[in-house]
Engineer: 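I'd like to ask some things about the structure below.
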Amino acid sequence: MLGLAARRGARAPVSPAARGRAGKAPPPISQPDRFRYDPADPTPSVGGVLLGREAGARDNRALEARADVCTYTSAPLERDLEIVGPVRAEVFFSSSTQWTDVFVRLCDVQPSGRSLNVCDGLLRLTPGRVEKDADGVLRVPVELWPTAYRFPRGHRLRVQVASGAHPRFVRNLGTGEPLASGTRMVVAEQQVHHEPARPSAIVLPVLEG
């Protein structure tokens, strides 16, 4: 599971505690989280950097309940946490297709359970675009939008990993055909890795007081 950092530029490891808890070191052996991305039923976009009434921070709970979205959540914060600057993630990822997307979003979970998006980013994968290890696992860097945000004490941080945010980002057909004119669609079987040898992480620009 994606862990969360508490120091400027710190690298927060991914631990697999039931796709719901963050901040613990990954065990020596952990199974990747799996989900299926179907371009015929693309993961929808909720809020974010848009033009129109649907822009900005929105409740993400319905989105996070989908089977094609992995979520990783911290424990409640013991004190306020401020982040200022660029946010980035490094996700160790494998897919059944060479043409797919990795979408990462950071959210603020209120004590009520409401999950509000803070910033996000997407990287579109094509053959050879990112580094791959001997087992075919990709090391995917995702740049999220820079932000200035305070997470209050008692709130939790949540990271989403998915393969789409449609229609904000045009859905990936999974075939390599042009997105505007392609006619074939391929379901992608996705895996998010988080063992010590593949430490998926999100890096937060924490403002230290």
Side-chain angles (χ1 to χ4, degrees), residues 2 4 19 33-73 83-91 93 95-110 113-126 129-130 138 140-149 151 157-192 200-205:
L2 280 170
L4 302 163
R19 282 176 55 170
D33 291 321
R34 294 176 170 83
F35 66 95
R36 170 178 288 195
Y37 175 75
D38 184 355
D41 180 25
T43 315
S45 58
V46 175
V49 183
L50 299 165
L51 294 176
R53 288 180 291 181
E54 298 303 316
R58 293 289 183 269
D59 191 347
N60 279 242
R61 283 178 290 184
L63 174 67
E64 292 165 353
R66 287 178 58 102
D68 56 2
V69 179
C70 290
T71 60
Y72 306 97
T73 309
I83 60 174
V84 179
V87 179
R88 61 185 176 88
E90 186 174 82
V91 182
F93 192 82
S95 176
S96 60
T97 177
Q98 298 184 78
W99 295 271
T100 192
D101 296 338
V102 178
F103 176 78
V104 179
R105 166 169 277 185
L106 175 65
C107 291
D108 176 2
V109 183
Q110 301 175 345
R114 193 168 180 234
S115 178
L116 298 178
N117 50 292
V118 175
C119 59
D120 53 46
L122 179 143
L123 185 70
R124 183 145 287 167
L125 298 177
T126 56
R129 181 169 187 182
V130 300
L138 302 164
V140 182
V142 182
E143 298 293 333
L144 284 65
W145 278 80
T147 190
Y149 192 86
F151 295 87
L157 284 72
R158 177 170 292 160
V159 177
Q160 300 173 14
V161 180
S163 285
H166 182 76
R168 180 179 164 198
F169 296 99
V170 178
R171 63 183 175 181
N172 198 315
L173 303 178
T175 63
E177 295 182 9
L179 299 180
S181 58
T183 57
R184 290 193 308 114
M185 291 186 287
V186 171
V187 172
E189 302 290 346
Q190 317 289 53
Q191 297 185 60
V192 180
S200 295
I202 187 166
V203 180
L204 304 178

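Since we're looking at a predicted model, the values are computed, not measured.
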Engineer: What is the minimum heavy-atom distance between Glu64 and Gln160, and which atoms define it?
Structural biologist: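 So the two residues come closest at OE2-NE2, 3.0 Å.
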
Engineer: Measuring only between side-chain heavy atoms, which start at C-beta, is Thr43 closer than 4.5 Å to Ser163?
Structural biologist: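 Thr43 does not reach Ser163 side chain to side chain.
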
Engineer: Please examine the side chains of Arg58 and Asn117, heavy atoms only from C-beta on, and report whether any two atoms are closer than 4.5 Å.
Structural biologist: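 They are in contact (side-chain heavy atoms under 4.5 Å apart), so the answer is yes.
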
Engineer: Please give me the minimum heavy-atom distance between Ala89 and Val104, naming the atom from each residue.
Structural biologist: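 Result for this residue pair: CB-CG1, 4.0 Å.
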
Engineer: Please check if the side chain of Thr97 supplies one atom and the backbone of Gly174 the other of a donor-acceptor pair under 3.5 Å.
Structural biologist: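 Between the backbone of Gly174 and the side chain of Thr97 there is a qualifying donor-acceptor contact (under 3.5 Å).
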
Engineer: Counting C-beta onward and ignoring hydrogens, is there a side-chain heavy-atom pair between Asp101 and Phe169 closer than 4.5 Å?
Structural biologist: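 With C-beta onward as the side chain, the pair stays apart.
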
Engineer: If you measure from CG on Leu106 to CG on Leu144, what distance do you get to the nearest 0.5 Å?
Structural biologist: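 Answer for the CG-CG pair, Leu106 versus Leu144, is 7.0 Å.
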
Engineer: Looking at Val87, Val84, Thr147, which hits side-chain contact (heavy atoms from CB on, under 4.5 Å) with Pro205?
Structural biologist: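 Filter result, single survivor: Val87.
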
Engineer: Can you tell me if Arg158 and Asn60 form a side-chain donor-acceptor pair at under 3.5 Å?
Structural biologist: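 Side-chain D/A pair, Arg158 to Asn60: absent.
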
Engineer: Can you find a heavy atom in the side chain of Val118 that is under 4.5 Å from one in the side chain of Phe151?
Structural biologist: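 They are in side-chain contact.
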
Engineer: Distance from Gln190 atom CD to Asp33 atom CG, nearest 0.5 Å?
Structural biologist: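 CG of Asp33 is found 12.5 Å from CD of Gln190.
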
Engineer: If every non-hydrogen atom of Ala162 is compared with every non-hydrogen atom of Asp68, which pair is closest and at what distance?
Structural biologist: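 Result for this residue pair: CB-O, 3.7 Å.
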
Engineer: Does a side-chain heavy-atom distance below 4.5 Å link Asn172 with Pro39?
Structural biologist: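 No; the side chains remain at least 4.5 Å from each other.
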
Engineer: Using ring centroids (six-membered ring only for Trp), state whether Tyr37 and Phe35 fall under 6.0 Å.
Structural biologist: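 For Phe35 and Tyr37, the ring centres are not under 6.0 Å apart.
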
Engineer: Could you check whether any side-chain heavy atom of Trp145 comes within less than 4.5 Å of a side-chain heavy atom of Asp120, counting everything from C-beta outward?
Structural biologist: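 In contact.
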
Engineer: Side chains of Tyr72 and Val161: does their closest heavy-atom pair fall under 4.5 Å?
Structural biologist: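 When only atoms from C-beta onward are counted, Val161 and Tyr72 do touch, with a gap below 4.5 Å.
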
Engineer: Determine whether Arg105 and Val46 make a side-chain contact, defined as any pair of heavy atoms from C-beta on separated by less than 4.5 Å.
Structural biologist: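 Heavy-atom side-chain distance check passes, below 4.5 Å.
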
Engineer: Using 0.5 Å steps for rounding, measure from the CG atom of Leu125 to the CH2 atom of Trp99.
Structural biologist: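 One gets 12.0 Å once the value is rounded to the nearest 0.5 Å.
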
Engineer: Any idea which heavy atoms bring Arg171 and Ala40 closest together, and the distance?
Structural biologist: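 The pair with the smallest heavy-atom distance is NH1-CA, 4.3 Å.
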
Engineer: If you round to the nearest 0.5 Å, how far is CZ of Arg61 from CG of Leu116?
Structural biologist: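 One gets 9.0 Å once the value is rounded to the nearest 0.5 Å.
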
Engineer: Working to the nearest 0.5 angstrom, can you tell me the gap between Gln191 CD and Leu138 CG?
Structural biologist: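 That separation rounds to 11.0 Å.
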
Engineer: Keeping the roles fixed (side chain from Arg129, backbone from Arg124), state whether a donor-acceptor pair exists under 3.5 Å.
Structural biologist: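 A pair under 3.5 Å: yes.
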
